[in-house]
Amino acid sequence: MSASPSRQAAIAAANYQRVSNTLDFQDSHNAVLFGRNVFTETVMQARLPKAVYKSLKKTIETGSPLDPTTADVVALALKDWALEHSATHYAHIFQPLTGITAEKHDSFLEPDGRGGAVAEFTGKQLIQGEPDASSFPSGGIRATFEARGYTAWDVTSPCYLLENANGVTLCIPTAFVSWTGEVLDVKTPILRSMKALDEQARRILKLFGHTNVAMVTATAGPEQEYFLIDRSFFLTRPDLVSSGRTLFGAKPPKGQEFEDQYFGVIPERVLAFMHESESEMYKLGIPVKTRHNEVAPSQYEIAPIYENANVAADHQQQIMILLKKVARKYGLECLLHEKPFAGVNGSGKHLNWSLGNSTQGNLLEPGHTPHENMQFLVFCAAVIRAVHRHAGLLRAAVASASNDHRLGANEAPPAIISIFLGDQLTDVFEQLKKGVAKSSKKSGTMHLGVDTLPVLPKDAGDRNRTSPFAFTGNKFEYRAVASNQSIGTPLAVLNTIMAESLDYIATKLEKAAKGKFEAAVQAVLTEIAKEHSAVIFNGNGYSEEWHAEAAKRGLPNLRTTLDALPVLASKETVAAFEKYGVLSKRELEARRDIAYEQYCKSVNVEANLVIEIAWTKIVPAVTRYQTELAQNVAALKAAGVAADAVLLEQITQGLSDLKLGLAKLAEERGHHVDGLVAETAHYCNKVLPIMLDVRKAADFLEGIVADDLWPLPTYEEMLFISK
């Protein structure tokens, strides 16, 4: 494989060298590692006075207010535990509206006034921190000169130790608010929405006669898709370094068309990385369960067991950090962008979501005869109603410049939000439309025709990977979530709209006459089945026919972030979020405006990169090749030999198209428009199409320019070399 000197150096550096184990995987089994660096319930019970432990546990399990008098005792126990594990600092960990994790570190050491120092950590330091709030996105809630913000200890998410080669830090999960009390983070809406969901779900359960009702908790298990490429290639691609995706790159001779990547044998280097990544996650109590090759070359997935939604959101942030951190140890770069490579499968974060408690279990468990399980049908109907009423909001919750490259393509859920229920539940709700559900399709068994193979239990319905919101047995899978985003916003939306639907149903059922409860339930289920079944679709979500059918059904098709973002602060969204105290109108408008700003900044950075890379790398390389060809043609003509100038003409035309596109891009990038919406529209409708034109010209040239002159690592090299 001939290549430019820089590409040859990157290819040479891509040779995998085995990394010596930092853990003895035979002696340190994952069961021993699990939760080792977490201030778990077991550790709390052993280190806290009985009364303090009970008080803290009550807050965690029931949502009761935290007793502030316990903070000093807990802080002392945390400090002693952390110091025993060689911690030198503590850090309030929070999730600002940048979408990434933030942390502020403080040393345990304080001067003792006698020339020495002592380790101190008080209840006040545990409960509250004060990071600067002025430099985080706030959508106008905070001005640059208004800096004060507070972090508040989230007792429901466990503290943990962050290990580094040169030290250990005690990490304290926190919420983040401004001095005015307005929300500046992702965590606070999750906690508030979970409280609302708990209150409304308990109303339903009590109506069904349950007297012992524990706190109802939303649960989540986000599957994380990602790419791994050799870091030497990554560092020679400025577009990957600065934007997370390749802005140039011709289609390789072989892609994913053989479908031999999916669930294929995991390469040794990648498997070694996975082992160590998972060990680090186990130490933090992250219940990762599944790993496998994904559809595209060099694409993989990791999936946890689902857990308390708030804790799952914190764990998901840690998973992304650890994947990138450990990858570099193995000479790899973990790419979390939704579409790092054009023309191959993109990455999502399938968010498995359900709700339940310790007394009634999973409230979305249908049982073998769901038509007889009225309690399940009520909760399932609430989901259907919520998704139908707020389909646009669910789309807006995952809207970003990067996710726009994925949603709607034939590899990911469409931008049209619909629900897949499967044959069994769809049949039940079709019966409910007519008044009463009297039967459920049976699951049955599958005989494989080989005596040595077991008889397999067969589900009552198939799965649908084209659905953005699919029922998968006892939970819903929200498949449109972006691979690089926090799951906090999608969770807060799901919890809030579900609380609204449960509130609606509970209010109707509470008005039922004595002895008429079952009839009232039947009436509500029939009403919802009739009014909201338009959102149920079990077919091919990728088909053009579905797009036409969805329009007839009145389902929104918000193809781009520009189309979707207004829903974040619409009248219906504000009414729901304010009613349950999740976010105010101003806070929702701030989030919308931040999303507009982030979209514009993302596309602007990409436009800058396109111009820089094209002019400084691609144009010079193509010009050199054009000169070589021109000299060759001239020499042949001078020698009296017929010269074929077709390739020279193609290069010349391609270079002309590239330069013309770059001139247009520079003009549109510098064009000034007033207002966030107008600016977003400009980037979406003007700048992005020109970027695609520039890429088309460059990718054409990549296919005909001499390989030893092409300056950028190719898709073939990045996706297939040294795995």
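In what follows, residues are counted from 1 in the order of the sequence shown. Because the structure is a prediction, the values reported are computed rather than measured. All values below come from the heavy atoms of this structure, side chains included, with hydrogens, waters and symmetry mates left out.
- Rounding to the nearest 0.5 Å gives a distance of 5.5 Å between CD of Glu500 and CZ of Arg385.
- A donor-acceptor pair under 3.5 Å is formed between the side chain of Glu338 and the backbone N or O of Asn484.
- Side-chain polar atoms of His315 and Glu307 form a donor-acceptor pair below 3.5 angstrom.
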Checking Asn538 against Thr426 for the side chain to side chain donor-acceptor pair (under 3.5 Å) test, could you report, in this order, the C-alpha distance in whole Å, the side-chain angles of both residues, the deciding distance, and whether it holds?
CA-CA 8 Å; Asn538 292 344; Thr426 300; 2.8 Å; yes
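- Screening Phe379, Trp353, Phe469 for a ring pair (Phe, Tyr, Trp, His ring centres under 6.0 Å) involving Phe476 leaves a single residue, Phe469.
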Between His292 and Tyr262, does a side chain to side chain contact (heavy atoms under 4.5 Å, CB included) hold up when you go through it step by step?
CA-CA 8 Å; His292 62 83; Tyr262 198 41; 4.1 Å; yes
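- Residues Gln485 and Ala397 approach most closely at NE2-O, 3.4 Å, considering heavy atoms.
- Between the side chain of Asn362 and the backbone N or O of Gly356 there is no donor-acceptor pair closer than 3.5 Å.
- Under 4.0 Å is where a charged nitrogen must lie from a carboxylate oxygen, and between Lys579 and Asp503 at least one such pair does.
- A donor atom on one side chain and an acceptor atom on the other are not found under 3.5 Å apart for Asn403 and Ser400.
- Contact check on Glu278 versus Arg291 returns a salt bridge, with a Lys/Arg side-chain nitrogen under 4.0 Å from an Asp/Glu carboxylate oxygen.
- For Glu225 and Ser483, the side-chain atoms include no donor-acceptor pair closer than 3.5 Å.
- In terms of heavy atoms, Pro65 sits closest to Thr59 at O-OG1, 3.4 Å.
- With no hydrogens or angles considered, no side-chain donor-acceptor pair links Glu301 and His350 at under 3.5 Å.
- A salt bridge does not link Glu199 with Arg203: none of the charged nitrogens is closer than 4.0 Å to a carboxylate oxygen.
- Side-chain atoms of Gln316 and Lys349 form a donor-acceptor pair, as typed in the model, at a separation below 3.5 Å.
- Distance alone, capped at 3.5 Å, places no donor-acceptor pair between the Ser193 side chain and the Val582 backbone.
- For the 3.5 Å distance criterion, the side chains of His532 and Glu527 fail to qualify, holding no donor opposite an acceptor.
- Expressed to the nearest 0.5 Å, how far CG of Asp314 lies from CG of Asp154 amounts to 6.5 Å.
- Across all non-hydrogen atoms, the minimal contact from Val481 to Leu351 is CG2-CB, 3.9 Å.
- The CD1 atom of Ile384 sits 13.0 Å away from the CD atom of Glu531 when rounded to the nearest 0.5 Å.
- Contact between Ile190 and Val186 at its shortest, heavy atoms only, is CG1-O, 3.4 Å.
- The shortest side-chain heavy-atom distance between Val521 and Gln375 does not fall under the 4.5 Å cut-off.
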Does Leu191 form a side chain to side chain contact (heavy atoms under 4.5 Å, CB included) with Thr156? I'd like the steps, not just the answer.
CA-CA 9 Å; Leu191 295 172; Thr156 65; 3.9 Å; yes
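- No donor-acceptor pair closer than 3.5 Å links the side chain of Ser418 to the backbone N or O of Ile536.
- Between Asn310 and Ser157, the side chains place no donor N or O within less than 3.5 Å of an acceptor N or O (distance only, hydrogens not considered).
- Phe420 places none of its side-chain heavy atoms less than 4.5 Å from the side chain of Thr466.
- Taking both residues in full, the closest heavy atoms of Ala220 and Leu491 are given as CB-CD2, 3.9 Å, listed atom of the first, atom of the second, then distance.
- A donor atom on one side chain and an acceptor atom on the other are found under 3.5 Å apart for Gln299 and Asn345.
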Stepwise, does the side chain to side chain contact (heavy atoms under 4.5 Å, CB included) test hold for Phe471 with Ile419?
CA-CA 8 Å; Phe471 187 74; Ile419 293 178; 5.7 Å; no
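- Here the side chain of Glu477 pairs no donor or acceptor atom with the backbone of Ala470 at under 3.5 angstrom.
- In this model, a donor atom of one side chain and an acceptor atom of the other lie less than 3.5 Å apart for Glu223 and Asn352.
- Side-chain contact, His337 with Ser402: no donor N or O sits under 3.5 Å from an acceptor N or O.
- Here the shortest heavy-atom pairing between Leu97 and Gln598 reads O-NE2, 3.1 Å.
- Judged by distance alone, the side chains of Gln431 and Asp427 do bring a donor and an acceptor atom under 3.5 Å apart.
- Using a cut-off of 4.0 Å between Lys/Arg side-chain N and Asp/Glu carboxylate O, Glu549 and Arg553 are scored as salt-bridged.
- We find that Lys433 and Glu430 are joined by a salt bridge, their nearest charged nitrogen and carboxylate oxygen being less than 4.0 Å apart.
- Under the 4.5 Å side-chain criterion, counting only non-hydrogen atoms from C-beta, Met320 is in contact with Gln224.
- Looking only at side-chain heavy atoms (C-beta outward), Cys380 and Pro366 stay at 4.5 Å or farther from each other.
- When side chains are defined from C-beta on, Leu568 does not count as touching Leu588, because their heavy atoms never get closer than 4.5 Å.
- Considering only heavy atoms from C-beta on, Val567 stays 4.5 Å or farther from Arg395 through its side chain.
- Here the CG atom belonging to Leu363 is positioned 15.0 Å from the NZ atom belonging to Lys475, to the nearest 0.5 angstrom.
- Ring-plane geometry between Phe208 and Phe517 is classed as perpendicular, the angle between the planes exceeding 60 degrees on a 0 to 90 degree scale with a lower cut at 30.
- In summary, the side chains of Glu372 and Thr369 do present a donor paired with an acceptor at a separation below 3.5 Å, with no hydrogens or angles considered.
- Defined by atom type and a distance below 3.5 Å, a donor-acceptor pair is missing between the side-chain atoms of Asp404 and Thr560.
- To the nearest 0.5 Å, the span separating CG on Leu355 from CD on Gln360 amounts to 11.5 Å.
- Note: Thr496 OG1 to Tyr580 OH = 9.5 Å, rounded to the nearest 0.5 Å.
- Counting heavy atoms from C-beta outward, Lys585 and Glu578 have side chains that approach closer than 4.5 Å.
- The aromatic rings of Trp546 and Phe537 sit parallel to each other, their planes meeting at less than 30°, with 60° as the upper class boundary.
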Could you walk me through whether Lys187 and Arg192 pass the side chain to side chain contact (heavy atoms under 4.5 Å, CB included) test, one step at a time?
CA-CA 9 Å; Lys187 175 183 279 287; Arg192 290 177 175 178; over 6 Å; no
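- Residues Val378 and Val524 fail the side-chain proximity criterion, which asks for heavy atoms closer than 4.5 Å.
- Side chain to side chain, Gln95 and Thr101 fail the donor-acceptor criterion of an N or O pair below 3.5 Å.
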